[in-house]
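One-based numbering, in listed order, for ligands and for the atoms of each.
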Amino acid sequence: MTAVTAEEATQGAADGAAADAARAEAFDAAVAADDRIEPRDWMPDAYRASLVRQMAQHAHSEIIGMQPEANWISRAPSLRRKAILMAKVQDEAGHGLYLYSAAETLGTSREELLDKLHAGRQRYSSIFNYPTLTWADVGAIGWLVDGAAITNQVPLCRCSYGPYARAMVRICKEESFHQRQGYELLLALSRGTPAQHEMAQDAVNRWWWPSLMMFGPPDDASAHSAQSMAWKIKRHSNDELRRRFVDICVPQAEALGLTLPDPDIRWNEELGQHDYGAIDWTEFQEVLKGNGPCNEERLAQRRRAHEEGAWVRDAAAAYADRHAERPGTSGAAAEPVEATA
Ligand SMILES: [Fe+2]
Ligand SMILES: [Fe+2]
């Protein structure tokens, strides 16, 4: 081993800086060329941090989102509806797992992300802090909440980070099924008795505005938007996606025989899109701050599910250990299994 002279150290630092610049240039070129960034590729720290924040929030939303609908599984009006709803809620658990796995490729463990969720240090979508008061809410969530999620997520299939983009392809296919089941459920209610029709209308009235808020704050108030778009994590602005969603919903509401609770929705000839009324951003901020109708309940239930699932994780870890010890057996299920409620 030879000692490094001061001169050599300076030269080494200069080489390091040149290598960093070359890596940054290669990253920028890959993003500009619409190539995918893969886990082993060099990426700026801020890009990695931004992806972890977004993917964690997305994964958390999938598993917290199971709660409002799971609330209706035991009260679904028929065996068919129960089977559909159970399949849907299970899909959401699966979406959470794909996304936690995709986030792990960035060097963050699922355990760490769940700890942050349980400690209230990472967010999930505010929409899940609203209660599901009637059976029609299951339809309104499928039609509007899953519908808004698809509008947001289809462009993520082309996101610059490979594992996230690939996870989104499968998720979006399942979300389309969710949206259709919600629409079909609302259609059955809307064409049912006057009381059923009224129940469907009431659910749409309550879920419409929170669904529009799912696209996030207006473009001029959105903290992360510009950078995410430059990195091609995000492909369209919040307001663009929101307006696209309104355009999709207007004819569907008409076909359902239901009214969207916004008298200001009208066709804008110049834009070739719909205008819509003012959103109450104070409500959005309040729910975000933790003051929504179900914030505490959702987090408490999530923590409880995690604690009650401890035995599953322990059993999976013990099983994996035993198999790792035995020669000739591959260590199956090396990862502890997260039980979801
Ligand atoms: Fe989902
Ligand atoms: Fe869904």
Side-chain angles (χ1 to χ4, degrees), residues 51 53-73 76 81-104 110 113-114 117 122-132 135-159 163-187 203-204 206-208 210-216 234 241 244-245 248-249 252 294 298 301-302 305 338-341:
L51 274 171
R53 181 188 54 79
Q54 181 172 338
M55 288 160 76
Q57 180 168 333
H58 193 162
H60 299 333
S61 303
E62 299 285 356
I63 62 167
I64 295 267
M66 296 165 75
Q67 292 183 33
E69 292 184 284
N71 179 35
W72 280 93
I73 290 176
R81 292 288 180 197
K82 193 192 286 268
I84 293 171
L85 185 55
M86 279 175 65
K88 195 226 181 216
V89 172
Q90 282 180 331
D91 282 353
E92 307 299 7
H95 298 173
L97 297 187
Y98 306 153
L99 290 164
Y100 286 120
S101 299
E104 281 183 330
R110 192 193 306 176
L113 297 180
L114 284 170
L117 168 66
Q122 277 180 343
R123 287 191 169 132
Y124 56 88
S125 178
S126 279
I127 191 87
F128 302 119
N129 290 316
Y130 290 87
T132 38
W135 169 249
D137 287 30
V138 171
I141 289 182
W143 180 43
L144 296 173
V145 177
D146 289 276
I150 296 169
T151 311
N152 250 328
Q153 290 169 12
V154 165
L156 286 175
C157 298
R158 294 188 298 123
C159 148
Y164 193 25
R166 289 189 288 273
M168 291 319 300
V169 172
R170 179 155 174 191
I171 290 178
C172 283
K173 285 184 183 156
E174 293 178 350
E175 296 299 359
S176 316
F177 157 73
H178 299 170
Q179 194 268 354
R180 293 298 298 176
Q181 69 84 34
Y183 180 89
E184 194 261 347
L185 195 166
L186 282 180
L187 188 65
V204 169
R206 282 180 291 107
W207 288 93
W208 173 250
S211 300
L212 288 192
M213 294 177 201
M214 280 175 74
F215 296 91
K234 226 177 132 99
L241 291 169
R244 183 180 296 177
F245 177 67
I248 293 168
C249 289
Q252 291 184 350
C294 301
R298 298 290 184 242
Q301 168 64 23
R302 175 89 273 285
E338 163 65 7
T340 39

Review point. Is it true that a side-chain atom of E175 and a backbone atom of G147 form a donor plus acceptor pair closer than 3.5 Å?
Key: no
Exercise for review: List in chain and number order the residues that pass side chain to side chain contact (heavy atoms under 4.5 Å, CB included) with A136, two or more places apart in sequence or in another chain; answer none if no residue qualifies.
Suggested key: T134, L189, M199, A203
**Study point:** Atoms of the protein (N/O/S only) found under 2.8 Å from the Fe ion (ligand 2)
**Key:** E92 OE2, D146 OD1, E175 OE1, H178 ND1
Exercise for review: Please check if the side chain of S61 supplies one atom and the backbone of S125 the other of a donor-acceptor pair under 3.5 Å.
Suggested key: yes
Revision key, fill the gap. Across all chains, not counting sequence neighbours, the side chain to side chain contact (heavy atoms under 4.5 Å, CB included) partners of K82 are I73, A76, M86
Practice item. Tell me, please, which residues at least two apart from C294 pass side chain to side chain contact (heavy atoms under 4.5 Å, CB included). Key: P131, E297, R298
Review point. Strictly under 6.0 Å, is that where the ring centroids of H60 and Y100 end up?
Key: yes
